[in-house]
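Inspection log for the structure reproduced underneath, given as structure tokens.
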Amino acid sequence: MEKNTMAASEAQYIALLKQMISIQSFSRDEKEVADMLEGWFVSRGICPNRKGNNLWMWGSERDAAKPTLLLNSHLDTVKPGNNWTAEPFTPAVDGDKLTGLGSNDAGASVVSLIETFFRLRSVPQAYNLVLAITAEEEVSGLNGVSSILEELGTIDLGIVGEPTGMNMAVAERGLLVLDCYVAGQTGHAARNEGVNAIYKALAAIEWFRNHPFDKATDLLGPVKMSVTMINAGTQHNVVPDKCHMVVDCRINECYSNVEVFEKTRDSVDFEVVPRSFRLNSSNIPLSHSVVKRGLTLGLKPYGSPTSSDMGLMPFTTLKIGPGDSARSHTPDEYILISEIEKGIEIYWQLLNGLELK
């Protein structure tokens with residue numbers, strides 16, 4: 001590709017990111033930005049498949065003899081907090097810096113993967129190529145990427161675009177939320193009556209604080225469980241007969257969410273109720289061809305403590321994208337244009353001519 005053509009192409013994708021920023025696209029309310037992106041693709045000769053606010057398109061006719069590579073990122077954002085000094089929905093460029101809600105998480109990955117998709121589809125590859133821009137990632141919603149996996153069929157490798165500094169998140173923690181109910185017996189606080197559920201809950205809190213799961217890894221460390229909410233009592237003079245606790249569990253790649261729930265349930269003497277098993281931990285072997293190629297490019301492998309749509313994908317995935325996770329969900333969120341340019345180039349070097357094995 002000639003240099004002047006590349007410069008025009010890069011400007012085109014920065015313009016697309018500005019359009020995305022300017023459209024409110026909170027989770028479960030992404031229709032307007034999905035409409036815009038659908039029209040954008042149609043204007044460039046591609047008619048995307050659509051289900052709800054999810055879009056996907058194939059690089060060419062699918063060949064059953066080839067493995068399939070998925071490029072995926074999300075078009076939804078969180079709501080802006082109160083401490084923004086910039087206008088969240090007005091993209092602002094200051095030199096290399098582009099500020100706006102969703103610029104870093106994950107608009108930069110979206111436009112970088114779109115550019116990568118067009119480049120990869122222009123060259124014969126040893127895999128089927130599909131690009132999916134999906135909804136409800138920030139809330140792990142049922143109408144996001146999980147709602148179209150059946151439509152996509154068998155996927156051999158997923159590239160999930162999230163801000164990782166273009167390093168390779170080869171493992172990601174799963175998320176399990178537990179509602180725990182400790183039972184006591186009501187009584188009058190002025191007399192020696194009842195069984196105080198709050199006092200009983202103290203032992204439960206210590207169990208979650210100190211219980212060691214046997215398996216830990218260099219990438220993600222041990223399973224981490226944190227009591228994050230407690231609710232008990234009805235009035236000051238009544239001994240509470242129940243205490244409700246919420247426990248946030250971050251699961252390493254050695255366990256499934258079901259395993260952690262079952263081990264917890266079988267170890268305690270109070271009721272434990274899981275909210276969902278959907279967001280499991282994930283990992284990709286360092287021996288996988290895409291990771292080996294990334295290592296030759298100088299990309300660093302690491303374990304990600306944050307969750308993403310990887311947890312909903314029952315196939316091998318690698319999380320990698322431009323930007324910095326520390327900027328996500330923060331006031332005056334921004335991306336560097338040079339980070340997008342670097343991201344596109346690394347995606348190309350990582351995936352062009354790759355054999356999935």
Side-chain angles (χ1 to χ4, degrees), residues 26-28 78-79 81-82 136-144 146 171-217 219-282 303-312 328-329:
F26 303 148
S27 300
R28 300 193 176 98
V78 297
K79 294 181 179 180
N82 296 323
E136 297 192 6
E137 188 274 345
E138 297 290 3
V139 293
S140 304
L142 295 174
N143 295 314
S146 61
E172 179 183 89
R173 283 192 180 273
L175 171 61
L176 174 66
V177 179
L178 301 174
D179 287 291
C180 301
Y181 301 91
V182 179
Q185 183 179 338
T186 190
H188 197 299
R191 297 190 293 268
N192 188 24
E193 293 178 348
V195 177
N196 194 315
I198 294 177
Y199 294 163
K200 288 184 67 176
L202 293 175
I205 292 169
E206 283 300 307
W207 188 90
F208 284 114
R209 183 180 182 182
N210 298 315
H211 179 72
F213 279 82
D214 295 335
K215 301 173 186 176
T217 69
L219 287 168
L220 294 177
V223 172
K224 184 177 185 296
M225 298 187 291
S226 302
V227 178
T228 55
M229 298 175 68
I230 299 176
N231 184 49
T234 57
Q235 58 191 62
H236 77 88
N237 59 350
V238 177
V239 173
D241 63 349
K242 57 185 176 181
C243 181
H244 170 221
M245 302 184 299
V246 178
V247 183
D248 178 284
C249 306
R250 303 291 169 154
I251 316 300
N252 66 21
E253 69 271 38
C254 299
Y255 299 92
S256 70
N257 287 355
V258 171
E259 287 178 305
V260 170
F261 161 68
E262 290 177 345
K263 287 177 180 293
T264 300
R265 178 199 60 195
D266 295 344
S267 300
V268 300
D269 61 356
F270 48 85
E271 184 181 8
V272 181
V273 180
R275 292 188 179 179
S276 170
F277 294 127
R278 296 179 71 229
L279 286 173
N280 279 284
S281 60
S282 59
S304 174
T306 59
S307 59
S308 73
D309 276 342
M310 286 174 69
L312 301 175
S328 301
H329 308 178

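For the numbers below, each heavy atom of this structure counts, side chains included, while hydrogens, waters and symmetry mates do not.
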>> As a quick check of understanding, evaluate side chain to side chain donor-acceptor pair (under 3.5 Å) for S308 and E137, giving each step before the final call.
In response: CA-CA 7 Å; S308 73; E137 188 274 345; 5.0 Å; no

> Could you go step by step and tell me if M245 and V182 meet the side-chain contact (heavy atoms from CB on, under 4.5 Å) rule?
Replying inline: CA-CA 8 Å; M245 302 184 299; V182 179; 4.2 Å; yes

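Side-chain contact between C249 and V177 is absent, with no heavy-atom pair separated by less than 4.5 Å. No side-chain heavy atom of F277 sits under 4.5 Å from any side-chain heavy atom of S256. Under the 4.5 Å side-chain criterion, counting only non-hydrogen atoms from C-beta, K200 is not in contact with L202. Between D179 and R275, some side-chain heavy-atom pair lies under the 4.5 Å cut-off. Counting heavy atoms from C-beta outward, R28 and V139 have side chains that approach closer than 4.5 Å.
Of all heavy-atom pairs spanning C180 and V247, the tightest one is SG-CG2, 3.9 Å. Contact record, K263 with F213: CD-CE2, 3.7 Å, taken as the closest heavy-atom pair. W207 and S267 get closest at one heavy-atom pair: CZ2-CB, 3.5 Å. Taking every heavy atom of both residues into account, S282 and E253 meet most closely at O-CB, 4.2 Å. Across all non-hydrogen atoms, the minimal contact from A171 to L219 is CB-CD1, 4.0 Å. Of all non-hydrogen atoms in A216 and N252, the two that sit nearest each other are CA-ND2, 3.7 Å.
Not one N or O on the side chain of S307 forms a donor-acceptor pair closer than 3.5 Å with the backbone of L279. Panel note: side chain E138, backbone V78; no donor-acceptor pair is recorded below 3.5 Å. Panel note: side chain Q185, backbone N196; no donor-acceptor pair is recorded below 3.5 Å. Counting only distance, with no hydrogens or angles, the side chain of R265 and the backbone of V272 share no donor-acceptor pair below 3.5 Å. Between the side chain of Y255 and the backbone N or O of K215 there is at least one donor-acceptor pair closer than 3.5 Å.
Donor-acceptor pairing under 3.5 Å is recorded for the side chains of S146 and R278. Defined by atom type and a distance below 3.5 Å, a donor-acceptor pair is missing between the side-chain atoms of E259 and N257. No hydrogens or angles considered: nothing links the side chains of H211 and E206 as a donor-acceptor pair under 3.5 Å.
To the nearest 0.5 Å, atoms CG (N280) and CG (L175) are separated by 10.0 Å. Separating the OG atom in S27 from the NZ atom in K79 is a distance of 9.5 Å, to the nearest 0.5 Å. From S281, atom OG reaches atom CG of L176 across 11.0 Å, with rounding to the nearest 0.5 Å. Atom CG of D309 and atom CD of E172 lie 9.0 Å apart (nearest 0.5 Å).
Taking the ring-ring contact (aromatic ring centres under 6.0 Å, His included) definition, one finds that H188 meets it with nothing, sequence neighbours left out. The ring-ring contact (aromatic ring centres under 6.0 Å, His included) check on F208 picks up nothing, with sequence neighbours excluded.
Within 6.0 Å of atom CG in D266, more than 12 heavy atoms from other residues, nucleotides or ligands are found, so the atom counts as buried in its surroundings.
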Atom pairs and distances, side-chain donor-acceptor, residues 220-233, under 3.5 Å, sequence neighbours left out:
unit_1, atom_1, unit_2, atom_2, d
K224, NZ, S226, OG, 2.9
T228, OG1, V246, O, 3.4

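Here the two rings, on F270 and Y181, have centers that are 6.0 Å apart or farther.
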